[in-house]
2 protein chains.
Amino acid sequence: MAAKYRVIVDTLEKELIEGVYIETKKIPTEEELMSRFGVSRNTIRKAIEVLVSRGYLYQVQGSGIFVREAAFKGYVNLERLKGLTTDFPTNKIETKIIDFKLTHADKDLAQKMRCEEGSSVYFVNRLRMVDGKPFGVEYSYFNKAIVTYLNEEIIQKSIYDYIRYDLNLTIGFADRIIYADIISDKDAKILGLPKNSPALINDNIVFLNNGEVFDVSRTIHHYRNVKLLKLSNFRE
Amino acid sequence: MAAKYRVIVDTLEKELIEGVYIETKKIPTEEELMSRFGVSRNTIRKAIEVLVSRGYLYQVQGSGIFVREAAFKGYVNLERLKGLTTDFPTNKIETKIIDFKLTHADKDLAQKMRCEEGSSVYFVNRLRMVDGKPFGVEYSYFNKAIVTYLNEEIIQKSIYDYIRYDLNLTIGFADRIIYADIISDKDAKILGLPKNSPALINDNIVFLNNGEVFDVSRTIHHYRNVKLLKLSNFRE
DNA sequence: AAGTGGTCTAGACCACCGT
DNA sequence: CGGTGGTCTAGACCACTTC
């Protein structure tokens, strides 16, 4: 049984994406939402708070709840980490597997993954494409003690969906380091870029909700095809 | 009179930075915090929620509230946008003013700033240094209708502190686009980089809490001296 | 003054973790 | 099982915006 506030979040998020409140740039008041969904004020406020943190809305005391018109399209939204499929719902996503094997964690990886050196890990190297354009090269390690099984069919699709819905694990949080560098010759070739092009690089350490690391990855993004969007809130 | 939960946030944040909970990697239970601060459970939960969103903590149902050990040092934390002084509390921050003038918004800027074309805007071009190393070149426009006065002395220090504490405005939220590109010859010279180096670029549109845009800026970061840190939460 | 969001309380029951 | 966080309610009072 899903929590009430999550149902409200999903409902309003869908309406926001559909553009229901585009004209008024304002959504109904808390009072109106309370009677629409038949819940208490705190439950409405909890739902709104989630939508604010996702960058959809902002609240003005004494005035109302407004729609935040950010240019989402074409950007990777750092607040909604559900994979390329969610960021580009209307685009064609392709995945090419470059390498896939079971291997062992070296010292550096073991430290990042908070596991023993030599532990079994899956290595996945994929090229992601959006609308036929190279998007990024991904080098990813999964802790086999947690992600017990992977195969080519699974990694061809969404690994995260598999982890969530098939392995029934709850993804908790991630540390992401974002920087630019000169691309390696190998990655330049994969992405179809000239040598010594810039690269937008993203190093991730991804945790389950209990604090265990299950994924350590690095993505080399095509610097002309990828822009990240960060929607910040200062209020808190 | 500051809100109770804000006082709790400030107190716990200070303790977390001081490393009070480093050994146990765990902070007291909600019940213990309730009696320590003499507030209701919801107030404690509100405070914890803020610290979770700032990347300090994570919660595990049935188990407790844990310290998130992220490598903060040397990174610009995207969750805590209070300027370089906060991200590098122990480092020496320098600011060199390259250009400063009152000018008018062109069409592109007016669109981003949601103001009339030709409106008065302050233009500020600064080089920021951390520990003597070039950090980034900042090109910033402030809407004069909101930020009514600026001078060299103010922009030499923290413009944001001035806006907050002297002009008494409340900063609300920001849209930040992050990408990589080939640096311009001009910026390369300023940052002391070879021609055609990569650059980590950050375009910002910053809003007051009532939704008005007061700042539109672009920062060209030194690609070897700057890394951004994004602490994501999947739970919501 | 009326409307709307911001803060806070007290209490209830559920879900999950560990012993 | 007890401990701990997750969800939800009903109601109060305050702060700010708008008219």
Side-chain angles (χ1 to χ4, degrees), chain A residues 1-10 12 21 24-53 56-68 168-173 208-212 233-236, chain B residues 1-10 12 21 24-53 56-68 168-173 208-212 233-236:
Chain A
M1 170 62 180
K4 289 186 185 178
Y5 81 90
R6 282 179 196 279
V7 175
I8 298 169
V9 166
D10 292 344
L12 292 178
Y21 307 107
T24 53
K25 295 179 182 174
K26 208 173 167 180
I27 71 165
T29 64
E30 295 182 349
E31 191 110 24
E32 288 167 329
L33 292 170
M34 282 166 72
S35 66
R36 170 174 170 193
F37 290 104
V39 298
S40 73
R41 184 157 171 235
N42 278 345
T43 301
I44 289 296
R45 285 183 63 77
K46 173 76 182 167
I48 297 301
E49 176 201 307
V50 172
L51 293 167
V52 167
S53 81
Y56 288 111
L57 301 172
Y58 65 96
Q59 292 165 287
V60 180
Q61 187 170 6
S63 183
I65 307 171
F66 299 85
V67 177
R68 190 163 164 185
N168 235 327
L169 298 171
T170 306
I171 299 169
F173 50 94
L208 295 180
N209 68 327
N210 64 7
E212 291 181 316
N233 294 293
F234 291 68
R235 290 308 295 284
E236 322 155 326
Chain B
M1 171 64 180
K4 289 186 186 180
Y5 81 90
R6 282 181 196 277
V7 175
I8 298 169
V9 166
D10 291 344
L12 292 177
Y21 307 107
T24 53
K25 294 177 183 176
K26 207 172 169 181
I27 72 166
T29 63
E30 294 182 351
E31 192 109 26
E32 289 167 327
L33 293 171
M34 282 166 72
S35 64
R36 170 174 171 194
F37 290 102
V39 297
S40 73
R41 185 159 171 233
N42 277 347
T43 302
I44 289 296
R45 286 184 62 77
K46 174 75 183 167
I48 296 301
E49 174 202 308
V50 172
L51 292 167
V52 167
S53 80
Y56 289 110
L57 300 173
Y58 65 95
Q59 292 165 286
V60 181
Q61 186 170 6
S63 184
I65 306 171
F66 299 85
V67 177
R68 191 160 161 186
N168 236 325
L169 297 171
T170 306
I171 299 169
F173 50 94
L208 295 180
N209 68 325
N210 65 6
E212 290 180 316
N233 295 292
F234 291 68
R235 292 305 296 280
E236 326 155 324

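In what follows, every chain begins at residue 1, and chains take the letters A, B, ... in the order their sequences are listed. Predicted model, so just to flag it, every value in this text is computed and none were measured.
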Just the atom pairs and distances: protein N or O near nucleotides 15-19 of chain D's N or O, under 3.5 Å.
residue : atom : partner : partner atom : Å
D:dA15  : O4'  : A:Gln61 : NE2          : 3.4
D:dA15  : N3   : A:Gln61 : NE2          : 3.1
D:dT17  : O4'  : A:Gly62 : O            : 3.4

- Query: Say you draw a straight line from CG of B:Leu208 to CD1 of B:Ile171; how long is it, rounded to the nearest 0.5 Å?
  - Reply: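 Output value for this atom pair is 7.5 Å.
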Mind calculating the distance between [atom1] ([X]) and [atom2] ([N]) to the nearest angstrom?
X	N	atom1	atom2	value
A:Glu30	C:dA2	CD	P	20 Å
A:Glu32	C:dG5	CD	C1'	13 Å
B:Ile65	C:dC16	CD1	P	18 Å
A:Met34	C:dG6	CE	P	14 Å
A:Lys4	C:dA12	NZ	P	18 Å
A:Glu49	D:dC8	CD	P	13 Å
A:Ile8	D:dT7	CD1	P	12 Å
B:Glu31	D:dG5	CD	C1'	11 Å

Under 4.0 Å between a side-chain N/O of [X] and OP1 or OP2 of [N], yes or no?
X	N	result
A:Lys26	C:dT4	no
B:Arg6	C:dT7	yes
B:Gln59	D:dT4	no

- Could I get the full list of salt bridge (Lys or Arg N to Asp or Glu O under 4.0 Å) partners for A:Lys4, not counting sequence neighbours?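 Listed in chain order: nothing, the list is empty.
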- Message: If the condition is salt bridge (Lys or Arg N to Asp or Glu O under 4.0 Å), which residues does B:Lys26 pass it with, not counting sequence neighbours?
- Response: none
- Message: Checking B:Tyr21 now: which residues fulfil ring pair (Phe, Tyr, Trp, His ring centres under 6.0 Å) with it, not counting sequence neighbours?
- Response: none
- Query: How would you list, by chain and number, every residue that makes a ring pair (Phe, Tyr, Trp, His ring centres under 6.0 Å) with A:Phe37, sequence neighbours excluded?
  - Reply: none
What residues, two or more places apart in sequence or in another chain, satisfy side chain to side chain donor-acceptor pair (under 3.5 Å) together with [X]?
X	result
A:Ser40	A:Thr43
A:Thr29	A:Glu32
B:Ser63	none

- Among residues 37-47 of chain B, which residues get a heavy atom nearer than 4.0 Å to DNA chain D?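 Close to the strand are B:Arg41, B:Asn42, B:Arg45.
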- Taking the inter-plane angle between the rings of A:Tyr58 and B:Phe173 on a 0 to 90° scale, is it parallel (under 30°), tilted (30 to 60°) or perpendicular (over 60°)? tilted
